[in-house]
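Take a look at the following structure, please.
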Amino acid sequence: MPELERHSFDVLVIGAGGAGLRAAIEAREHGLRTAVLCKSLFGKAHTVMAEGGIAAAMGNANESDNWQVHFRDTMRGGKFLNNWRMAELHAQEAPQRVWELETYGALFDRTKDGRISQRNFGGHEYPRLAHVGDRTGLELIRTLQQKIVSLQQDDFKEFGDYEERLRVFQEFTVTELAKDGDRISGAFGYWRESGRFVLFEAPAVILATGGIGKSFKVTSNSWEYTGDGHALAMRAGASLINMEFIQFHPTGMVWPPSVKGILVTESVRGDGGVLRNSDGKRFMFDYIPEVFKDKYADNEAEADRWYADQANNRRPPELLPRDEVARAINSEVKAGRGSPHGGVFLDVSTRLPAEEIRRRLPSMHHQFKELADVDITAQPMEVGPTCHYVMGGVEVDPDTGSSSVPGLFAAGEVSGGMHGSNRLGGNSLSDLLVFGRRAGAGAAEYVRALGDRPVVPEDTVTEARATALKPFQEEGGENPYTLHMELQQSMNDLVGIIRRAGEMEEALQRLEKLKERARSLTVEGHQQFNPGWHLALDLRNMLLVSECVAKAALLRTESRGGHTRDDHPVMDAEWRRKLLVCTTSDEGVRVEEKPQIPIRSDLLDLFERTELEKYLTAEELS
């Protein structure tokens with residue numbers, strides 16, 4: 001058996017997207033030796049897929065915007081299930097994080113007077129998304145990478161070693177977190193290329209692993225999104241919240257097959273794109289919920305005037321929050337008014353000149369022309385809901401990003417609470433920056449306050465190695481690819497955008513059988529670059545997280561945000577006061593109710609009483 005490769009750091013960041021890189025920068029700037037572990041190549045994080053922009057109330061496009069309005073919009077989007085403290089910190093600190101990116105070298109689009117340009121997006125009252133064309137996520141990652149390089153250059157000047165305080169390890173998968181008693185002490189994993197095992201010893205671990213979308217058949221998510229951080233946290237003893245809330249982005253391409261699941265950024269609708277059914281009708285006017293009636297236009301004339309005069313007109317209903325638009329598209333398709341391939345038509349070609357579309361949406365235009373021979377300046381796109389984002393994740397302290405396990409922190413999509421039952425577009429990129437920074441600072445403070453450093457018990461390493469190698473020991477067992485396809489189909493069909501009790505019960509029965517079959521997963525060949533083995537290990541995480549989603553969704557007997565129950569179609573104010581918390585034990589996933597922390601009175605005062613009556617109980621209102 002080859003000798004185990006070992007490394008020692010103060011802070012370990014798992015994930016190299018926006019949250020992970022911002023956390024690593026913060027921990028390093030607090031003087032701690034920090035390592036970043038990324039599953040794929042450095043710079044290829046899923047964050048680059050975020051196209052529209054970073055939501056921050058800077059007031060550049062409309063001076064009426066401020067953090068209070070952004071907070072209100074976020075709470076409305078999440079149907080008041082959000083952790084209000086996270087929503088408050090996010091709204092207050094997002095502008096500083098965007099301006100900070102400029103100091104790192106980010107090049108945003110500008111207004112005529114030279115300020116950062118801000119565009120409209122669904123659910124946001126004012127134009128609020130700072131953007132770089134329609135490739136904002138790419139600029140965000142590029143900028144944070146460049147900041148890391150500059151910090152490494154500073155360290156070289158001081159220590160003669162670029163990696164003295166900040167080192168990136170790429171194409172590495174973590175399979176287990178290590179603990180010393182109840183405290184985190186490191187992480188065990190393997191190089192994806194060679195299959196060799198590595199132990200990282202560190203008293204603080206920050207999870208920034210993103211989402212869970214690869215458990216679903218049609219998803220916008222990259223191959224890395226197998227719920228690794230969610231599952232690692234659970235197995236280490238942390239709890240997950242809000243796992244029933246999955247966001248189906250309303251506009252993923254459904255045709256042609258070469259681009260199925262690829263997102264059409266919400267900025268297409270923010271810049272004038274409209275949704276039509278097979279009859280050519282703009283159908284969104286038929287789907288404006290009661291709680292949004294005073295904010296959204298109920299006729300085409302007013303909706304079109306809004307683009308030029310937002311002060312005196314209501315917004316187009318195409319810009320409703322994502323959950324509302326996704327459900328409306330789903331309803332049109334079910335009613336037989338869908339496009340030929342099971343979606344609806346999103347048309348910007350008749351709304352803006354071709355030159356303007358190419359200027360505002362360069363990546364969209366290039367991507368679909370090259371990959372699908374679809375020219376968005378000349379024809380509508382066929383779009384439909386696609387699994388996009390999980391609102392649920394590790395339960396964390398809003399101010400520090402710490403979980404219930406000492407030394408374990410989380411930020412970004414892998415953490416839960418900030419977005420409540422539904423995330424507004426653009427809030428993910430600002431979430432990454434605000435809470436990535438806070439988790440980095442929280443981890444640094446935790447490490448500084450430690451007395452003795454926790455150690456990794458040898459039996460943890462032995463057990464983690466045996467678990468990882470088990471698929472090689474099985475013979476004639478299950479094929480991981482077959483199991484994965486069955487899992488994705490089950491989640492898609494039975495725990496998808498519209499849910500029913502009987503179907504979710506069937507999903508849980510299927511998951512039990514899949515878990516049983518997963519015990520005998522078999523892979524052939526060697527540890528060196530073995531995709532079947534990688535998937536076998538990822539499936540362990542996907543099955544655990546899928547069970548959380550299905551169990552929590554079955555228990556929540558109401559419809560709210562990204563959770564729509566056909567058999568419980570209305571929102572229930574009593575359910576807003578309850579969070580569902582998932583933990584794991586030898587018996588499987590346990591889901592328990594936990595009371596929501598009441599919203600602070602000065603924040604409640606930001607809303608009209610008539611609006612609060614739609615969400616809160618009479619007891620809370622009194």
Q: Mind listing the closest non-hydrogen atom pair of Pro127 and Asn62 along with its distance?
A: CD-CB, 4.2 Å
(Q) Regarding Arg322 and Gln247, do their side chains bring together a donor and an acceptor under 3.5 Å, going by distance alone? (A) yes
Q: Apply the salt bridge (Lys or Arg N to Asp or Glu O under 4.0 Å) test between Glu611 and each candidate in Arg76, Lys295, Arg72, Lys79; give the one that qualifies.
A: Arg76
Q) Could you go step by step and tell me if Phe172 and Val174 meet the side chain to side chain contact (heavy atoms under 4.5 Å, CB included) rule? A) CA-CA 7 Å; Phe172 184 86; Val174 174; 3.9 Å; yes
Q: Tell me, yes or no, whether the heavy-atom count around Lys260 atom NZ, taken from other residues, nucleotides or ligands under 6.0 Å, exceeds 12.
A: no
Q | Shortest non-hydrogen separation from Met253 to Val259 and the atoms involved | A | CB-O, 3.4 Å
Q | Interatomic spacing from CD in Glu88 to CD1 in Ile599 - rounded to 0.5 Å | A | 11.0 Å
**Q.** Separation of Arg358 CZ from Ile376 CD1 (nearest 0.5 Å)
**A.** 10.0 Å
Q: Apply salt bridge (Lys or Arg N to Asp or Glu O under 4.0 Å) to Arg119 and Asp109, showing your working.
A: CA-CA 10 Å; Arg119 63 158 46 119; Asp109 290 358; 5.6 Å; no
Q: Go through Glu102 and Arg110 one step at a time and tell me if the salt bridge (Lys or Arg N to Asp or Glu O under 4.0 Å) criterion holds.
A: CA-CA 12 Å; Glu102 275 207 301; Arg110 320 303 294 188; 2.7 Å; yes
Q. Is the backbone N or O of Gly210 less than 3.5 Å from a side-chain atom of Glu413, with the two atoms forming a donor-acceptor pair by type?
A. no
Q: Say whether Ser430 and Arg97, considering side chains only, have a donor N or O and an acceptor N or O under 3.5 Å apart.
A: no
Q | Under 3.5 Å donor-acceptor, His124 side chain and Asn120 backbone | A | no
Q) Do Leu89 and Pro398 touch side chain to side chain, with heavy atoms closer than 4.5 Å? A) yes
Q.
Between Arg438 (side chain only) and Leu433 (backbone N and O only), is there a donor and an acceptor less than 3.5 Å apart?
A. no
Q.
Are Leu352 and Thr377 packed together at the side-chain level, in the sense that at least one heavy-atom pair is separated by less than 4.5 angstrom?
A. no
(Q) Would you say NZ of Lys369 has more than 12 non-hydrogen atoms from neighbouring residues, nucleotides or ligands within 6.0 angstrom? (A) yes
Q. Looking at CZ of Phe121 and CZ of Arg269, how far apart are the two atoms once the value is rounded to the nearest 0.5 Å?
A. 7.5 Å
Q. If you look at every heavy atom in Leu21 and Phe42, which pair is closest and at what distance?
A. CD2-CE1, 3.6 Å
Q | Test log, rule ring pair (Phe, Tyr, Trp, His ring centres under 6.0 Å), inputs Phe200 and Phe169 | A | CA-CA 11 Å; Phe200 285 88; Phe169 298 84; 4.9 Å; yes
Q | Counterpart residues, side-chain hydrogen bond (donor to acceptor under 3.5 Å, both in side chains), relative to Asn427 (two or more places apart) | A | His70, Thr74
Q: Could you tell me whether the side chains of Ser421 and His563 share a donor-acceptor contact shorter than 3.5 Å?
A: no
Q. Hey, does the side chain of Asp73 reach the backbone of Glu125 with a donor-acceptor pair shorter than 3.5 angstrom?
A. yes
Q. Hey, what's the ring geometry for Phe435 with His90, parallel, tilted or perpendicular (30° and 60° as the breaks)?
A. parallel
Q: Any chance you could lay out the salt bridge (Lys or Arg N to Asp or Glu O under 4.0 Å) test for Glu139 and Arg135, step after step, and finish with the verdict?
A: CA-CA 7 Å; Glu139 182 73 0; Arg135 47 177 180 268; over 6 Å; no
Q: Mind checking the CZ-CZ spacing from Arg115 to Phe108? Nearest 0.5 Å is all I need.
A: 15.0 Å
Q. Short question: side chain of Gln596, backbone of Leu81 - any donor-acceptor pair under 3.5 Å?
A. yes
Q: Could you check if a side-chain atom of Leu41 sits within less than 4.5 angstrom of a side-chain atom of Glu171, using non-hydrogen atoms only?
A: yes
Q | Donor-acceptor contact present, side-chain Thr34 to main-chain Leu32, <3.5 Å | A | yes
(Q) For Ile25, give me all partners under side chain to side chain contact (heavy atoms under 4.5 Å, CB included), at least two apart in sequence or on another chain. (A) Arg22, Glu29, Tyr104, Leu144, Lys147, Ile148, Leu151
Q) What distance separates Cys548 SG from Leu580 CG, expressed to the nearest 0.5 Å? A) 11.0 Å
Q | Minimal non-hydrogen separation, Gly440 against Ile206, with atom names | A | CA-CD1, 3.9 Å
Q: Could you give me the CA-CA distance, side-chain angles and deciding distance for Tyr225 and His46, then say whether ring pair (Phe, Tyr, Trp, His ring centres under 6.0 Å) is met?
A: CA-CA 8 Å; Tyr225 268 35; His46 194 53; 4.5 Å; yes
Q. Would you call Leu263 and His388 a side-chain contact if the rule is heavy atoms closer than 4.5 Å?
A. yes
Q: May I ask you to decide if Lys39's main-chain N or O and Thr173's side chain share a donor-acceptor pair within less than 3.5 Å?
A: no
Q.
Which label fits Phe71 and Trp67: parallel for a plane angle under 30°, tilted from 30 to 60°, or perpendicular past 60°?
A. perpendicular
Q: State, yes or no, whether a side-chain contact exists between Asp271 and Tyr307 at a heavy-atom distance under 4.5 Å.
A: no
**Q.** Close side-chain approach of Asn83 to Met418, heavy-atom, < 4.5 Å
**A.** no
Q | Taking every non-hydrogen atom, the tightest pair across Ala87 and Met75 | A | CB-SD, 3.9 Å
(Q) As an exercise, state the distance from CD1 of Ile184 to OG of Ser402, rounded to the nearest 0.5 Å. (A) 12.0 Å
**Q.** Beyond-backbone contact of Ile116 with Thr111, side-chain heavy atoms, under 4.5 angstrom
**A.** no
Q. Is there a donor-acceptor pair under 3.5 Å between the side chain of Asp323 and the backbone N or O of Asn422?
A. no
Q: For Ser150, enumerate each residue passing the side-chain hydrogen bond (donor to acceptor under 3.5 Å, both in side chains) test, keeping only those at least two apart in sequence or located in another chain.
A: none
Q) Cation-pi between Arg423 and Tyr389: NZ/CZ under 6.0 Å from ring centre and within 45° of the ring axis? A) yes
Q.
I want to check something: taking the side chain as every heavy atom from C-beta on, are Phe607 and Phe80 in contact at a cut-off of under 4.5 Å?
A. yes
**Q.** Pair Ser363, Asp134: side-chain N/O donor-acceptor within cut-off below 3.5 Å
**A.** yes
(Q) Between Thr136 (side chain only) and His131 (backbone N and O only), is there a donor and an acceptor less than 3.5 Å apart? (A) no
Q: Indicate yes or no for a side-chain donor-acceptor contact from Gln152 to the backbone of Leu166 under 3.5 Å, with no hydrogens or angles considered.
A: yes
Q: Go through the steps for Glu224 and Lys214 under the test salt bridge (Lys or Arg N to Asp or Glu O under 4.0 Å), then give the verdict.
A: CA-CA 8 Å; Glu224 303 99 330; Lys214 293 311 282 184; over 6 Å; no
Q) With a cut-off of under 6.0 Å to the ring centre and 45° to the axis, is Arg33 in cation-pi contact with Phe9? A) yes
Q) Can you name the nearest heavy-atom pair linking Tyr296 to Pro317, along with the distance? A) CD2-CA, 3.9 Å
Q.
Counting only heavy atoms not in Ile597 (residues, nucleotides, ligands), do more than 12 fall under 6.0 Å from its CD1?
A. no
**Q.** Side chains of Asp431 and Ser428, donor plus acceptor under 3.5 Å
**A.** no
